[in-house]
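Worksheet for the structure shown next.
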Amino acid sequence: MKFITAIDRYIARLVIMPMLAVFFIAASLLALDKMLTLFDFVATQGGPVAIVFKMLANMMPEYASLAIPLGLMLGILFAFRKLATSSELDVMRAVGLSYTRLLRVPFLFAIVLAAFNLVIVSYIQPLSRYYYEELQFELRSGALGASIKVGEFNSLQDRTALRVESSRDDGRQLEGIFARIATASGEVMVISAREGQFFANRENPDTVILRLTDGQIVQESPTIRNPRVLTFASHDLPIDLPKIEQFRRRGDKDREYFLPELLRIGWSPNATPEMRAQSIANLNYRLVEVAMMFLLPLLAVALAVPPKRSSSALGVFVSIVMVVAYHKVNEYGQDVSSLGRIDPMLALWGPFVVFGALIVWMYWTLAYVPGGQPIGGLESVFSRLAKLLVRQFGGRQKHHHHAPHDGELPQDGSPHVETPQVSGGTGAPHAV
């Protein structure tokens with residue numbers, strides 16, 4: 001017998017497209033939310049726009065660690081929901097295919113994606129987080145060439161003040177330049193120029209040359225009685241770049257350690273108790289997030305099959321809430337256990353056991369209990385609430401007709417005629 005049959009390939013096609021779509025949408029939403037914050041931060045620091053996309057690229061592995069489980073679960077859920085609503089699932093069950101057999105391909109997807117997610121959280125995510133912190137540091141320190149702001153006085157090396165009215169060609173061409181330079185000997189030069197341009201100094205990389213055009217220099221010194229005024233057509237002004245502090249080495253935070261490094265620190269007798277608690281908490285957090293992916297196929301199938309004669313999408317909403325809530329519980333457990341207040345095994349693996357038991361019960365109810373529906377109670381409440389809302393808001397749209405008073409014509413303009421009434425069982429009708 002073939003391990004992968006035609007039905008398995010059919011289920012794979014149903015799973016893969018919504019899985020990729022959900023992964024792309026979830027990652028895009030997380031990136032867009034972060035992009036707004038990064039644009040504000042880069043604009044405040046005066047950095048180039050391109051640095052925003054570099055920082056977002058370094059955040060993608062962190063977003064992928066959440067988007068991959070969500071995409072896996074919703075891909076399986078939408079596939080089995082389509083099979084259930086089109087009655088194809090009933091046909092498969094009628095020919096002897098159990099839910100466990102139908103989950104062969106979804107579990108293969110789960111194994112592959114769990115291995116990929118383990119590589120991400122073990123090596124790729126710590127490196128990308130370190131590079132993200134490095135870009136932030138360089139942006140704040142001015143190492144990205146963002147230290148000169150247009151329309152403001154910029155202080156360089158505490159002895160040079162520079163102001164630029166406007167800039168063109170991505171900051172390479174400057175207009176309306178004013179500079180004030182003070183030396184250690186007390187000499188002061190005030191320079192104004194119509195325009196200027198920066199050039200690199202090959203002899204000294206810590207100094208740039210500002211070539212000024214059409215300007216004046218006013219020079220004051222304790223050794224001269226009156227200020228000197230010089231007019232120039234072109235003047236090269238050397239400007240010393242500020243000394244940039246080197247960024248720290250990787251590993252200042254526990255999120256920047258690789259998985260083997262966390263193991264070594266967590267059980268090292270030379271590490272401080274605080275470092276051991278943080279390392280063990282972060283290690284268990286990464287592992288429990290990956291282990292949770294093996295339960296997602298069972299959860300997806302348990303919530304994908306709606307009750308008979310129902311097309312409710314309540315299972316989709318419940319699945320998203322459960323996965324996101326479980327992720328937040330793990331984050332809280334990591335924070336608490338890293339402070340040493342609770343054992344990481346209890347704070348992180350305890351919710352995993354509870355979550356796993358709930359998922360296994362839901363799947364068992366659907367697959368092995370006749371007529372079982374794991375969220376049947378929620379479906380009933382949701383159905384009643386929907387009917388109440390329809391009755392509440394739908395009734396207001398109906399037109400209420402009132403009976404006309406005596407002598408009042410109906411709304412259509414025709415005369416009002418009373419309906420004949422019969423008095424008694426055999427009496428004749430009254431005259432109209």
Margin query: One pair to check against side chain to side chain donor-acceptor pair (under 3.5 Å): Asp8 and Thr5. What are the steps and the verdict?
Written below: CA-CA 5 Å; Asp8 293 325; Thr5 62; 3.2 Å; yes

Margin query: Apply side chain to side chain contact (heavy atoms under 4.5 Å, CB included) to residues Val321 and Phe317 and explain how you reach the verdict.
Written below: CA-CA 6 Å; Val321 171; Phe317 173 75; 3.8 Å; yes

Margin query: Between Ile68 and Ile120, does the side chain to side chain contact (heavy atoms under 4.5 Å, CB included) criterion hold? Intermediate values first, please.
Written below: CA-CA 11 Å; Ile68 288 177; Ile120 290 178; 3.9 Å; yes

Check: Checking side chain to side chain contact (heavy atoms under 4.5 Å, CB included) for the pair Met322/Leu299: CA distance, chi angles, key distance, verdict?
Finding: CA-CA 10 Å; Met322 290 182 65; Leu299 175 64; 3.9 Å; yes

Next item on the list: Check the pair Leu262, Arg286 against side chain to side chain contact (heavy atoms under 4.5 Å, CB included), reporting the backbone distance first and the verdict last.
Entry: CA-CA 11 Å; Leu262 291 175; Arg286 298 187 197 182; 3.6 Å; yes

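A donor-acceptor pair under 3.5 Å is absent between the side-chain atoms of Ser338 and the main chain of Gln278, judged by distance alone. Side-chain N or O atoms of Asp40 include none that pairs as donor or acceptor with a backbone N or O of Leu36 at under 3.5 Å. Side-chain atoms of Ser98 come within 3.5 Å of backbone atoms of Arg101 as a donor-acceptor pair (strictly under, hydrogens ignored).
The environment of Glu274 atom CD is sparse: at most 12 non-hydrogen atoms of other residues, nucleotides or ligands sit within 6.0 angstrom. Counting heavy atoms of neighbouring residues, nucleotides and ligands inside a 6.0 Å radius, atom CZ of Phe116 does not exceed 12 of them. Environment of CZ in Phe24: sparse, with no more than 12 heavy atoms of neighbouring residues, nucleotides or ligands closer than 6.0 Å.
Considering only heavy atoms from C-beta on, Leu103 comes within 4.5 Å of Pro106 through its side chain. Within the 4.5 Å cutoff, side-chain heavy atoms of Met55 are placed close to those of Gln136. The closest side-chain heavy-atom distance from Glu195 to Ile177 is not below 4.5 Å. Looking at heavy atoms from C-beta onward, Leu70 lies out of side-chain contact with Leu66 at the 4.5 angstrom threshold. In this structure, the side chains of Leu38 and Tyr132 come closer than 4.5 Å at one or more pairs of heavy atoms. Here the side chains of Leu113 and Asn117 are not in contact, with every heavy-atom distance at 4.5 Å or above. Between Glu88 and Tyr10 there is a side-chain heavy-atom pair separated by less than 4.5 Å. Counting heavy atoms from C-beta on, the side chains of Ile191 and Phe178 never come closer than 4.5 Å.
Nearest heavy atom pair, residue Phe107 against residue Phe294, reads CE2-O, 3.3 Å. In terms of heavy atoms, Val288 sits closest to Tyr285 at CG1-O, 3.3 Å. Taking every heavy atom of both residues into account, Arg276 and Ala271 meet most closely at NH1-O, 2.6 Å. Closest heavy-atom contact between Ser65 and Val121: CB-CG1, 4.0 Å. Val301 and Ile76 make their closest contact through CG2-CG2, 4.3 Å (heavy atoms, listed as atom of the first residue, atom of the second, distance). Nearest heavy atoms, Pro61 versus Ile124: CG-CG2, 3.8 Å.
Rounding to the nearest 0.5 angstrom, the gap separating the OG1 atom in Thr213 from the CD atom in Glu175 is 11.0 Å. To the nearest 0.5 angstrom, Leu348 atom CG is 9.0 Å from Ile342 atom CD1. Arg9 contributes atom CZ, which lies 11.5 Å from atom CD1 of Ile11 (distance to the nearest 0.5 angstrom). Of the inter-residue distances, the one linking Leu303 atom CG with Ile359 atom CD1 reads 8.5 Å to the nearest 0.5 angstrom. The line from CG of Asp90 to CZ of Arg93 is 9.0 Å long, rounded to the nearest 0.5 Å. One distance of note links CE of Met60 with OG of Ser28; it measures 7.0 Å at 0.5 Å rounding.
Between Met73 and the choices Val22, Val316, Leu296, the side chain to side chain contact (heavy atoms under 4.5 Å, CB included) rule is met once, by Leu296. For the side chain to side chain donor-acceptor pair (under 3.5 Å) criterion with Arg129, the lone passing option out of Glu62, Glu134, Glu256 is Glu62.
When only modelled atom types and interatomic distance are considered, Thr100 and Tyr363 share a side-chain donor-acceptor pair under 3.5 Å.
Relative ring orientation between Trp349 and Phe352 is described as perpendicular, the plane-to-plane angle rising above 60° on a 0-90° scale split at 30° and 60°. Between Phe258 and Tyr123, the ring planes are tilted. Angles from 30° to 60° get that label.
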